[in-house]
Engineer: 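Have a look at this one before I ask anything.
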Amino acid sequence: MKWQEIRKQYPNQWVLIEALKANSQKNNREIQDMAVISEYNDSTAAWRGYKALHLANPLRELYIFHTSNEQIEVIEDRFTGIRRNA
């Protein structure tokens, strides 16, 4: 689905979505196709749903958005630190 379709189908809701088709350009993640996993009335419940699903499936590309936003934007933050084995 496209974001505009999701906005129409889930007005004024928090939605947990999975990116099905996406690419990165200039530190922005552009999501071309997405699927709604769940809808929520409040952000706290949405975060609980996200955490549970992410813990079970960490490789899935999941996001939470509110459908009042006309556009969505995902800014990539690259890890630039040093990792150390303990």
Engineer: Would you list the atom pairs, donor with acceptor, under 3.5 Å between side chains in residues 42-65 and any protein atom, with sequence neighbours excluded?
Structural biologist:
| residue | atom | partner | partner atom | Å |
| --- | --- | --- | --- | --- |
| Asp42 | OD1 | Thr44 | N | 3.1 |
| Asp42 | OD1 | Ala45 | N | 2.9 |
| Arg60 | NE | Glu18 | OE1 | 3.2 |
| Arg60 | NE | Glu18 | OE2 | 3.2 |
| Arg60 | NH2 | Glu18 | OE1 | 2.6 |
| Glu61 | OE1 | Arg29 | NH2 | 3.1 |
| Glu61 | OE2 | Arg29 | NE | 2.8 |
| Glu61 | OE2 | Tyr63 | OH | 2.6 |

Engineer: Restricting to salt bridge (Lys or Arg N to Asp or Glu O under 4.0 Å), what partner residues turn up for Glu70, sequence neighbours left out?
Structural biologist: none
Engineer: Does Asn12 offer a backbone N or O that forms a donor-acceptor pair with the side chain of Ser68 under 3.5 Å?
Structural biologist: no
Engineer: side-chain contact (heavy atoms from CB on, under 4.5 Å) with Gln4: which residues, sequence neighbours excluded?
Structural biologist: Arg7, Gln71
Engineer: Please say yes or no: joined through hydrophobic side-chain contacts below 4.5 Å, possibly via intermediate residues, are Ile72 and Val74 part of one cluster?
Structural biologist: yes
Engineer: Whether the Ser24 and Glu30 side chains hold a donor-acceptor pair (N or O, under 3.5 Å, no angle test) is what I'd like checked.
Structural biologist: no
Engineer: What pairs with Lys2 under side-chain contact (heavy atoms from CB on, under 4.5 Å), at least two apart in sequence or on another chain?
Structural biologist: Glu5, Gln32
Engineer: Applying side-chain contact (heavy atoms from CB on, under 4.5 Å), name anything that partners Lys26, two or more places apart in sequence or on another chain.
Structural biologist: none
Engineer: Take Ile75 and Asn28 through the test side chain to side chain contact (heavy atoms under 4.5 Å, CB included) and record every step on the way to the result.
Structural biologist: CA-CA 5 Å; Ile75 299 171; Asn28 285 320; 3.6 Å; yes
Engineer: Quick one: does Trp3's side chain have a donor or acceptor within less than 3.5 Å of a partner on Asn69's backbone?
Structural biologist: yes
Engineer: Could you list the residues that satisfy side chain to side chain donor-acceptor pair (under 3.5 Å) with Gln13, not counting sequence neighbours?
Structural biologist: Asn41
Engineer: Any chain of hydrophobic side-chain contacts (each under 4.5 Å) joining Leu20 to Ile31?
Structural biologist: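 No, Leu20 and Ile31 fall in different hydrophobic clusters.
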Engineer: Does some side-chain heavy atom of Thr67 sit less than 4.5 Å from a side-chain heavy atom of Val15?
Structural biologist: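 A side-chain contact exists here, since the closest heavy-atom pair is under 4.5 Å.
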Engineer: Report whether Val36 and Tyr40 are members of the same hydrophobic cluster (ILVMFWY, side-chain heavy atoms less than 4.5 Å apart, transitive linking).
Structural biologist: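 No; tracing contacts between hydrophobic side chains, which count when under 4.5 Å, never links both residues.
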